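To keep things clear, I will list the structure first and then write my remarks on it.
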Amino acid sequence: MTTHILGSRFARLVVVGALASGAAIVQAAAGEPGAFRYDASNVDVAAHWAARATLANAVMFSGLGEPIVMSASEWDDVLRHAGYVTRPPTPGLPMVGGVYAGGDPRFAAEPDFGKLETLRWDQASFDRTLDPGAQAWALIKITSPEFHLNFHESKDDKRIALMMLSQAQAQAGVLEERLRNADGRFAALSPEGRFAEPKPADQPAVLWSVSNLILAATSERDDYWHGAYRDLVDPDDWRELADAAFAAVQGLPPKTPAERAIAIEALGRFALATGDAERRDEALRLARDHADALTDVQEASLEDTALAVYGLVEADRLLADAAYADAAAELFKTRLLPRWNDDIGAFVPDEVGTSFAYTPRTLGALVAALNATRWYGPAELAKEADRFYPALFETILVRAGLLRSSPLPLVAAEYREERPDAHFAHPALPAPESAGVAPVFAGEVRYEDSAWRVSDPLFCTADAMFLANMLVMPHEGLADPFLPEDGLASLSR
């Protein structure tokens, strides 16, 4: 197993904070100069805030889903775990449980970040399909512990984080009760009540999400967030759903390298979450099968290649087999490195000079590969990944405009006292109020004629939340898209 540990690398960084975002459908010339640049000392904080703005808008501000209302007892439980003694005013947030497939992220009215209820999107633009990928990737982010431990020192931040506990269980309930077809596969449900054809990619995402919920409720870590999940979530309520998701992964198995990589992560989390030794052994066997397939990836897309690197790194950590780490390093060196273009500041899928696109899924895959290499890869490749990641992050999210506006209004005053505003919002970015659009990810950006443009301005929940899950800031050496060290240490292989 590799010894290049995330904690030791992260401890060497001077974290000064940054925020990534992008212009609202503004074309920018490739390589456009700017006074502020991301680097290894601030890009992870920037990633946290880009993801945080996207999640907050998707499940709390926009109204993009089925509304839920917390009961008085649920509200009191949240306040108690957040540290309140007296009850503050109830926020007027359009909280949702089940999330819709997507919509137009332009504000329906003049936004006022002092009145969060004004941040709704135009409901007429919503695609009201209930998509299992959207539920799963939103649930994964909500149940990611390090996300809720970074920049959550205040009672207000803790309160918002714990309000999402009700949303997590609502999303799990949608998956369990409404998005399983007659064959037990998870499939999208149209507003008219018709199932779409189930996708192999959605099955491991669901397994990851439900396993995350169980792990949150069973962890012994001593902090406000885990304490609340232990107290307020019964993990046994969700074990049947986890078993159903495991069966769905078996019954509709992954086929592409990207799908296999996510399956390895999901199967690893299920192995840590399940109390059934036979299912644990079978999950580990399947993870090994998928990892073996990834060792032979040849010509593949950027997404498939990058996620294969991530999956192989996680296979090494899960199965304690250094051959997978070696395969990940070789794939990174021979299949990803040659695609980097310094002039453009991005990995290029085809010949330079041709038009190409980045979606949230493309960037999320590359972020996963770069972070896996930065934190767990061999030193010489980690150095390269450290150089590429801030540049790629800035190119796609800021210069290309994948993140539509600046999330600076969401950053609490106490955090801004410690850092210049430029670290939280790039000076080139428009304010959401002037742009008229929320700080969330667009559907696609495209490079052509030596310039970037937003080619699809709409918000796709599943893809956006996938990227939000890969954009992370480590907390005390732990990062959410990677299997938890404490669980791996005690896993019977």
Side-chain angles (χ1 to χ4, degrees), residues 4-22 36-56 140-141 144-153 157 161 225 306 309-310 313-314 345-346 360 363-377 379 381-398 402-403 406-408 410-412 415-416 418-426 429 439 441 465-485:
H4 187 56
I5 303 301
L6 167 59
S8 62
R9 283 190 56 76
F10 186 65
R12 296 205 302 268
L13 300 180
V14 179
V15 179
V16 297
L19 186 67
S21 56
F36 178 76
R37 297 290 183 184
Y38 294 115
D39 58 33
S41 73
N42 55 40
V43 69
D44 296 326
V45 182
H48 171 90
W49 283 100
R52 185 158 163 172
T54 296
L55 176 65
I140 290 168
K141 193 64 180 180
S144 292
E146 316 316 323
F147 173 73
H148 296 288
L149 297 175
N150 282 318
F151 293 105
H152 279 81
E153 288 82 6
D157 286 328
W225 190 83
V309 171
Y310 165 73
V313 167
E314 285 298 80
L363 180 59
L366 288 162
V367 168
L370 289 168
N371 281 340
T373 306
R374 292 167 71 206
W375 297 331
Y376 296 104
L381 295 183
K383 183 177 180 180
E384 290 292 281
D386 268 338
R387 179 171 71 89
F388 293 150
Y389 180 39
L392 178 71
F393 186 88
E394 181 173 328
T395 295
I396 304 303
L397 288 179
V398 179
L402 191 68
L403 188 56
S406 166
L408 185 62
L410 300 179
V411 182
Y415 305 137
R416 293 172 65 176
E418 300 173 2
R419 302 172 177 89
D421 279 355
H423 289 172
F424 288 101
H426 198 288
L429 304 175
F441 304 130
M465 292 313 307
F466 172 79
L467 174 54
N469 274 285
M470 299 305 164
L471 291 174
V472 295
M473 173 183 175
H475 177 264
E476 296 182 355
L478 302 175
D480 289 314
F482 296 91
L483 293 163
E485 297 283 358

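Residue numbers run from 1 in the order of the sequence given. Small disclaimer: the values here were computed from a predicted structure and weren't measured.
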Residue pair Tyr389 / Asp44, side-chain heavy-atom distance below 4.5 Å: yes
Closest approach of Ala346 to Thr395 (non-hydrogen atoms, all atoms of both residues): CB-CG2, 4.3 Å
Ala50 versus Phe441, closest heavy-atom pair with distance: O-CZ, 4.0 Å
Polar side-chain atom of Ser144 near backbone of Asp480 as donor-acceptor pair, under 3.5 Å: no
Side chain to side chain, Phe147 and Leu55, heavy atoms closer than 4.5 Å: yes
Name each donor-acceptor pair under 3.5 Å that joins a side chain in residues 465-474 to protein atoms two or more places apart or in another chain, with its distance.
| unit_1 | atom_1 | unit_2 | atom_2 | d |
| --- | --- | --- | --- | --- |
| Asn469 | OD1 | Lys141 | N | 3.1 |
| Asn469 | ND2 | Trp137 | O | 2.8 |
| Asn469 | ND2 | Met465 | O | 2.7 |

Approximate separation, where rounding is to 0.5 Å, of Leu366 CG and Asn371 CG: 11.0 Å
Ring geometry between His48 and His152 (parallel below 30°, tilted from 30 to 60°, perpendicular above 60°): perpendicular
Least distance between heavy atoms, Asp157 atom then Tyr415 atom: OD2-OH, 2.5 Å
Listed partners of Asn150 passing side-chain hydrogen bond (donor to acceptor under 3.5 Å, both in side chains), at least two apart: none
Contact summary for Tyr310 and Pro481, nearest pair of heavy atoms: OH-O, 2.6 Å
Audit row: Val45, Phe151, side chain to side chain contact (heavy atoms under 4.5 Å, CB included) steps and yes/no: CA-CA 9 Å; Val45 182; Phe151 293 105; 3.5 Å; yes
Donor-acceptor pair, side chain of Glu146 and main chain of Leu478, under 3.5 angstrom: no
Aromatic ring pairing Tyr376/Phe482, orientation class (parallel under 30°, perpendicular over 60°, tilted between): tilted
Those residues that, when tested against Phe388, pass ring pair (Phe, Tyr, Trp, His ring centres under 6.0 Å) (two or more places apart): Trp340, Phe347
Distance, nearest 0.5 Å, that separates CZ of Phe393 from CG of Asn42: 9.0 Å
Heavy-atom check, side chain of Glu384 versus side chain of Thr373, under 4.5 Å: no
From CG (Leu392) to CG (Leu397), nearest 0.5 Å: 8.0 Å
Atom of Ala306, atom of Ala365 and distance for their closest heavy-atom approach: CB-O, 3.3 Å
Minimal non-hydrogen separation, Ala385 against Arg374, with atom names: CB-CG, 3.5 Å
